[in-house]
Amino acid sequence: MGYYLNSMEPVENYRIASQSNYFVDKSLLLKELFPFFHQADRDICITRPRRFGKTMMAQMIASFFSKATDSSDIFDHLQIAGIPEYRDYRNRYQVIFMDFSKMPRNCKSYAQYIERIEKRLIKDLMKAYPDADIDPEGAVWEALSEVFNEYNGEKFVFVIDEWDCIFHKDFLKKNEQKEFIDFLAGLIKNQAYVAMTYMTGILPIAKYSSGSTINNFLEYTIATQSKFSEYFGFTDQEVDALYKKYLDREKEPLLTRENLREWYDGYHTLNGVKLYNYLRDFERESRRILERTLALDADAVAEALGYIHDSESPHKIYLDESELSSTVKLAYLAARGQYRIEQEDQAGKGYVDYIFYPRNGKDDGLILELKVDRTPEAAIKQIRDKNYALRFQGRMGEKPLTTGRILAVGISCQKGSKKHRCKIEVLQ
């Protein structure tokens, strides 16, 4: 067992996930992969946005096929165990699991990134196959070919997660994009040692690869293929079952079934099936964001917003103003139990981005103003200049909507640094 070769990490991660209270069995995806071991087109790539379970499925695939350990304790009670070929494939292969989103410490160059990958994989191979004449300074594909020839045609299953992560790094130069594509093609394309390749990414391969460089992949995207779609995200029926589990566990649930439809709307497959993205434990994090806001801890709020924005937003629209707004809505999900939240509500001399009306008139009221490529101070100034707090005094004939504090919350995101900032002030 090594860092990449028959790694225990995906096995353990999937084992933990399968024991979750909100686990959904998607193991029948494995049945769809069995035929690829016996055909010429044996390399597939699944491209989806973030939060549709690509990484969990990659971990499941590595756990199932890998000789790293006996994973019968994970899979014997899942749906795949009912397939006749189940035992013919489980734990039968040498699996190379590579998460390309993992970066070396303080990584500042493509050379540093790719050198770490090559050295770790060659180190794994030299340890596992001591009789092979592997050149530690040679190419990775040469080392794998040496193993194939010296060890009776030994083949490998490649499971590559987030293959295109490097393309979103600021340090990657144009010529290095081609170098990486060439590295990937040399590793996998037309290689006798490849039993099957399963690869995931965010955007289609064609965006990065021109011509025939890595045209060996059968690619399944949201837009072009319905195959495999049911294994990524949750169907309405699965969300219904998950919501029932949630109600059984929570004495005071904050989420309604309609909340889930709003926040995790996902997409429709070509067959018209609605799929939701993966439900995370946002409620607990959202509670914390609200608590930190009321405690005037602007730094903690900014950090949490940055994390959620990174996790939920596709790279191509990362800095879109509507995307920042959606991130804020998601971040303050738990606040809906305590507040009536209105967007673009008329207040004072204009329309406020978000205003939180407390359901209990003694709680604090919140005014949120969002800015892209400006400062949170500018947002606070707008709140003050346009007198948004006037809305809490109530319309004519109404009593004040709160006797608590009124907090101004300015939130910004910078395009260049992708850094989130927050400033919170008490207006009255």
Quiz item: Does Lys244 come within less than 4.0 Å of Asp248, counting only side-chain N to carboxylate O?
Solution: yes

Quiz item: Do the ring centers of Tyr89 and Phe64 come within less than 6.0 Å of each other?
Solution: no

Quiz prompt | Lys/Arg cation over aromatic Tyr3: Arg120, 6.0 Å, 45° cone | solution = yes

Quiz item: Backbone N or O of Ile74 within a donor-acceptor pair of the Ser18 side chain at under 3.5 Å?
Solution: no

Quiz prompt | Backbone N/O of Tyr354 and side chain of Glu344: donor-acceptor pair under 3.5 Å | solution = no

Practice problem: Look at the rings of Phe180 and Tyr110 and say which category their plane angle falls in: under 30° parallel, 30 to 60° tilted, over 60° perpendicular. | Solution: perpendicular

Quiz item: Are Gln414 and Thr375 linked by a side-chain donor-acceptor pair shorter than 3.5 Å?
Solution: no

Quiz item: Quick one: which of Tyr129, Tyr93, Tyr193 gives a side-chain hydrogen bond (donor to acceptor under 3.5 Å, both in side chains) with Glu154?
Solution: Tyr129

Quiz item: Quick one: do Glu291 and Arg287 make a salt bridge, cutoff under 4.0 Å?
Solution: no

Practice problem: Mark yes or no for whether Ser109, through its side chain, and Gln112, through its backbone, hold a donor-acceptor pair below 3.5 Å. | Solution: yes

Quiz item: Do Tyr86 and Asp76 have a side chain donor and acceptor closer than 3.5 Å?
Solution: yes

Quiz item: Does Ser66 reach the main-chain N or O of Val95 with its side chain, forming a donor-acceptor pair under 3.5 Å?
Solution: no

Quiz item: Sub-3.5 Å donor-acceptor pair from the side chain of Tyr339 to the main-chain atoms of Asp364, do we have one?
Solution: yes

Quiz item: Quick one: do the Gln79 and Lys26 side chains pair a donor with an acceptor below 3.5 Å?
Solution: no

Self-check item: Pairing of Asp70 and Arg90 as salt bridge, 4.0 angstrom limit
Solution: yes

Quiz prompt | Parallel, tilted or perpendicular: rings of Phe23 and Tyr14 (30°, 60°) | solution = perpendicular

Practice problem: Report the relative orientation of the aromatic rings in Tyr113 and Phe100; use parallel for angles under 30°, tilted for 30 to 60°, perpendicular for over 60°. | Solution: perpendicular

Self-check item: For the student: nearest non-hydrogen atoms of Asn91 and Thr69, plus distance
Solution: ND2-O, 3.1 Å

Quiz prompt | For Gly410 against Ile380, the heavy-atom pair lying closest together | solution = N-CD1, 3.5 Å

Exercise. Using only heavy-atom distances, determine whether the side chains of Asn6 and Gln94 contain a donor-acceptor pair under 3.5 Å.
Key: yes

Quiz item: Any ion pair linking Glu425 and Lys423 (charged N to carboxylate O, less than 4.0 Å)?
Solution: yes

